[in-house]
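Only one structure is covered here, and it is reproduced in the block below.
Labels below follow one simple rule: chain letters A, B, ... track the order of the sequence lines, proteins then strands, and each chain is numbered from 1.
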Amino acid sequence: MYRYDAHDQQLVNERVAQFRDQVRRRLSGEISENEFKPLRLQNGLYMQLHAYMLRVAIPYGLLSTAQLRALALIARRYDRGYAHWSTRQNVQYNWPKLEDVPDILAELAAVEMHAIQTSGNCIRNTTADHLAGVARDELEDPRPYCEIIRQWSTFHPEFAFLPRKFKIAVTGSSSDRAAVRVHDIGLRIVEDPDGPGARGFEILVGGGLGRTPRIARRVRDFLPRRHLLSYLEAILRVYNQYGRRDNKYKARIKILVDALGVDEFRRQVEEEWEHIRDSALELTDEELARVSGFFASPAYEALESSDAMIQGWALGSDRAFGRWVAANTRLHKQPGYSVVMISCKARGKAPGDITADQMDGVAEIADAHGFGQVVVTHEQNLVLPDIKSSELHAVWRKLEALELAEPNVGRATDIIACPGLDYCNLANARSIPVAQEISESIDDYDYLHDLGELTLNISGCINACGHHHVGNIGILGIDKQGEEFYQLMLGGDAGEDAALGKIVGPAFQRDAIAGAVRTVLDLYLARRESADERFVDYYRRVGAKPFKELLYARS
Amino acid sequence: MTQQMVTGAATADGRPIYMKRDHTWTDRLADGHVTLDQDELARMLQSARGDEFVVCDPYVIEVLVDRARPQPASLREKIRASGGPTIAIAS
Amino acid sequence: MPGADGSLNVQVSPAITGRSIIRDGALVRDEWTWIDDDAPLPVLTRARDVLVSSARWRRDRAALLTRGGRVGVRLQTDELAASIADDVGHLALIEIHVHKFVDGRFYTTARLLRMRHGFTGELRATGDVLPDQLFFMRRCGFDSFELRQDKRVETALRALESFSVVYQGAEDQAPLYRRRALG
Ligand code: SF4
């Protein structure tokens with residue numbers, strides 16, 4: 001993984017000093033809360049319902065075990081012993097004191113981490129495929145580009161006060177696990193259609209969720225990789241000048257793309273780009289090589305393929321282990337190795353929460369059985385990217401002891417849920433208790449297994465931090481005269497066939513939503529063509545009608 | 001009946017605090033000053049806004065007073081006043 | 001304010017003083033005189049260097065150019081670089097009035113004036129100019145700043161030195177990856 005040199009380290013150290021000074025000025029009255037707010041937000045410090053919340057950046061989700069242990073230490077020393085993985089592959093602490101935050105940042109800086117630009121109207125943490133570097137269907141590892149984007153966007157002086165927040169995601173695989181089509185900019189690494197072997201990017205702009213969900217539109221089929229930063233800079237420059245600033249709900253770049261039309265938007269970007277494409281922004285081969293070097297594959301042992309063995313376990317007589325293998329491991333590009341998905345969605349627990357002890361436990365496993373790396377997914381789970389398949393059983397046992405072996409990754413109870421009204425200042429309704437109730441209602445592992453691949457996403461308000469529009473089943477909390485209600489959406493998909501879910505009908509009361517989800521699941525199981533027809537495929541085939549009829553039969 | 005009080009987040013740690021009759025602050029909603037008088041509320045809010053050392057983003061909430069004990073009207077304020085999330089914290 | 005006097009050898013009449021600006025890491029007295037849109041242009045002995053709105057500039061361009069002194073134009077936040085691009089060669093000062101510091105359009109305006117339109121005069125920020133944004137402003141090509149009245153100059157001067165390392169290229173430096181390559 002990327003390691004800081006003296007420059008990188010100096011920068012985060014100076015950031016700690018700067019924020020310490022800003023906090024001191026806030027507490028001495030030199031700056032008002034209104035002036036402090038954008039400063040603290042650019043450092044990931046929010047005000048929530050019960051306390052401040054600090055969001056720490058995990059660039060493209062990648063952590064060393066030293067970093068993971070530092071996150072555990074912070075949770076114990078400065079918080080309440082736990083943390084929360086966010087849907088942008090970041091980590092959130094729910095109870096920091098303002099005066100402690102500079103010290104927390106210093107702890108982070110000591111392990112090459114920071115909280116820079118994890119909030120505010122600026123370029124946020126660039127996310128990537130969580131199987132980057134190990135996926136079988138990967139054309140090229142996206143992380144070097146993410147790191148290059150991270151450095152370019154960190155304290156970019158021109159783009160610190162954009163009309164609205166700005167999110168970039170990169171994938172190098174054919175299956176899209178990074179949801180690039182619902183980002184402000186989505187980058188897909190592709191082959192040059194004209195030149196053999198040369199790689200570059202397909203550029204998608206203006207995707208996003210929230211109040212006006214949009215699937216991104218293609219602005220360029222192919223951009224040679226050396227032009228990555230100049231092209232990003234051209235897009236951001238057009239947006240910074242012409243994005244709306246009069247209404248925060250119309251300020252995202254998707255609205256600008258809507259207003260101009262994709263062709264005119266493209267024309268403006270290309271015109272700007274022509275001016276700067278051959279400037280110092282052009283990436284050098286040395287820099288590409290330098291950064292890529294950090295992401296070289298670890299020293300794998302030469303092993304036989306373990307695919308057949310894994311298949312055997314998945315179907316084998318040890319059902320507990322078999323279920324876990326089937327749901328929580330992924331095929332690795334390297335023969336004899338597996339990718340382990342760690343579920344942070346234990347039944348009845350808050351999705352994405354993890355205790356300090358669990359973090360330490362995961363770090364121990366990654367050191368003992370992997371190469372000391374852990375990845376955070378945007379589904380709020382963790383990945384151990386390089387586990388020898390022969391050690392899967394031992395890893396599973398350790399994860400069980402940590403209560404991190406729920407066999408549900410990619411299944412109905414692997415629920416993405418935002419913090420909702422239990423923590424969030426903007427929420428209309430709670431998300432976590434709904435997630436808990438749904439996961440408790442699916443108490444039979446055979447039933448869960450039978451349901452197969454399915455995403456279920458919950459947001460506590462229209463801001464859509466829980467990505468409800470792109471869940472196969474999406475739930476949105478709303479407020480009706482002071483009461484919590486939940487809209488149910490079906491058919492969303494965050495992947496390469498990205499689609500926005502459609503509301504099935506009138507919203508459900510708090511005590512009826514889990515039952516409604518169960519009705520939807522039962523109907524799908526009863527009527528699907530075969531076990532190969534995934535929930536989303538079934539929905540695409542039959543539409544909302546049968547669900548509607550059953551859900552609203554009595555009314 | 002519905003009355004009102006002034007609340008905000010403590011500058012030091014963001015915990016919910018409530019304004020008392022003398023314009024100082026308390027952690028306990030039950031000890032906050034409840035009023036119907038709009039002029040008094042405006043004065044409270046103005047005083048709160050000038051008190052940034054102690055409180056961030058003060059605002060007015062509705063409370064229901066039942067046998068002299070104020071209860072927040074909205075679910076949001078009930079959850080705030082309860083001191084934490086409605087679900088068990090990971091441990 | 002301390003240290004405000006004597007930093008410049010320009011003779012400033014008391015009637016037209018008032019502005020202190022940060023330039024080259026110090027607080028100095030401003031030598032420019034703002035002329036309201038409907039006020040007559042002053043004689044040269046009263047005010048040598050005059051600052052006008054972009055509307056006034058367009059209206060009185062000939063008179064401004066022939067009166068002898070230097071000319072500066074003040075842009076509002078919503079006047080983007082293209083609006084003055086053709087005129088930058090005539091101007092010794094472009095001042096951008098920051099309406100609200102969170103409206104960051106002016107950062108792009110500044111960069112484009114410098115890199116695209118070749119403006120080499122003084123580029124100044126006034127209005128809602130706060131210490132914590134000065135570092136970014138300078139990187140975008142600003143070289144003088146009128147701090148918002150209630151802000152402390154010492155804080156501003158300190159904030160200008162917040163970072164000794166920058167990653168990306170801007171108006172001051174090439175990208176770090178081009179400098180890293182040099183050792
Ligand atoms: S979706 Fe709404 S409730 Fe949920 S975290 Fe985002 S802003 Fe808060």
Can you confirm whether the side chains of A/Y46 and A/S119 place a donor and an acceptor under 3.5 Å from each other? yes

Looking at A/E403, A/R430, A/E99, A/H84, which has the largest count of heavy-atom pairs under 4.5 Å with chain B? A/R430

Could you tell me whether the side chain of A/S431 and the main chain of A/G460 form a donor-acceptor pair under 3.5 Å? yes

What residue, out of A/I354, A/N94, A/I432, has the most heavy-atom pairs lying under 4.5 Å from chain B? A/I432

N-O pairing of B/R80 and B/E77 below 4.0 Å: yes

Please classify the contact between A/P419 and chain B as side chain, backbone, both or neither, with a heavy-atom cut-off of under 4.5 Å. neither

By a 4.5 Å heavy-atom criterion (distance strictly below it), what part of A/Q436 contacts chain B: side chain, backbone, both, or neither? side chain

NZ/NE/NH1/NH2 to OD/OE distance under 4.0 Å, B/K20 and B/D22: no

N-O pairing of B/R69 and B/D66 below 4.0 Å: no

Under 4.5 Å from any heavy atom of chain B - which part of A/E484: side chain

Looking at A/D103 and A/R20, does any basic side-chain N land under 4.0 Å from a carboxylate oxygen? yes

Where does A/S28 contact chain B at under 4.5 Å (heavy atoms): side chain, backbone, both or neither? backbone

Heavy-atom pairs under 4.5 Å with chain B, option from A/R80, A/E33, A/K97 with the top count: A/E33

Salt-bridge contact A/E364-A/K398 (side-chain N to carboxylate O under 4.0 Å): yes

Heavy-atom pairs under 4.5 Å with chain B, option from A/N34, A/L49, A/N428 with the top count: A/L49

Salt bridge check, A/R76 against A/D357: does any charged N sit closer than 4.0 Å to a carboxylate O? yes

If you define the side chain from C-beta out and look only at heavy atoms, does anything of A/R26 sit under 4.5 Å from A/R40? no

Side chain from CB out, backbone as N, CA, C, O: work out which of these in A/N425 comes under 4.5 Å of a heavy atom of chain B, or both, or neither. both

If one checks every heavy atom of A/Y423 against chain B at 4.5 Å, the contacting part turns out to be side chain

Identify which of A/D479, A/L421, A/D353 forms the greatest number of heavy-atom pairs closer than 4.5 Å to chain B. A/L421

Counting only non-hydrogen atoms closer than 4.5 Å, does B/T86 touch chain A with its backbone (N, CA, C, O), its side chain (CB onward), both, or neither? both

Which one, B/C56, B/A9, B/P16, leads in non-hydrogen pairs under 4.5 Å with chain A? B/C56

Where does B/A10 contact chain A at under 4.5 Å (heavy atoms): side chain, backbone, both or neither? backbone

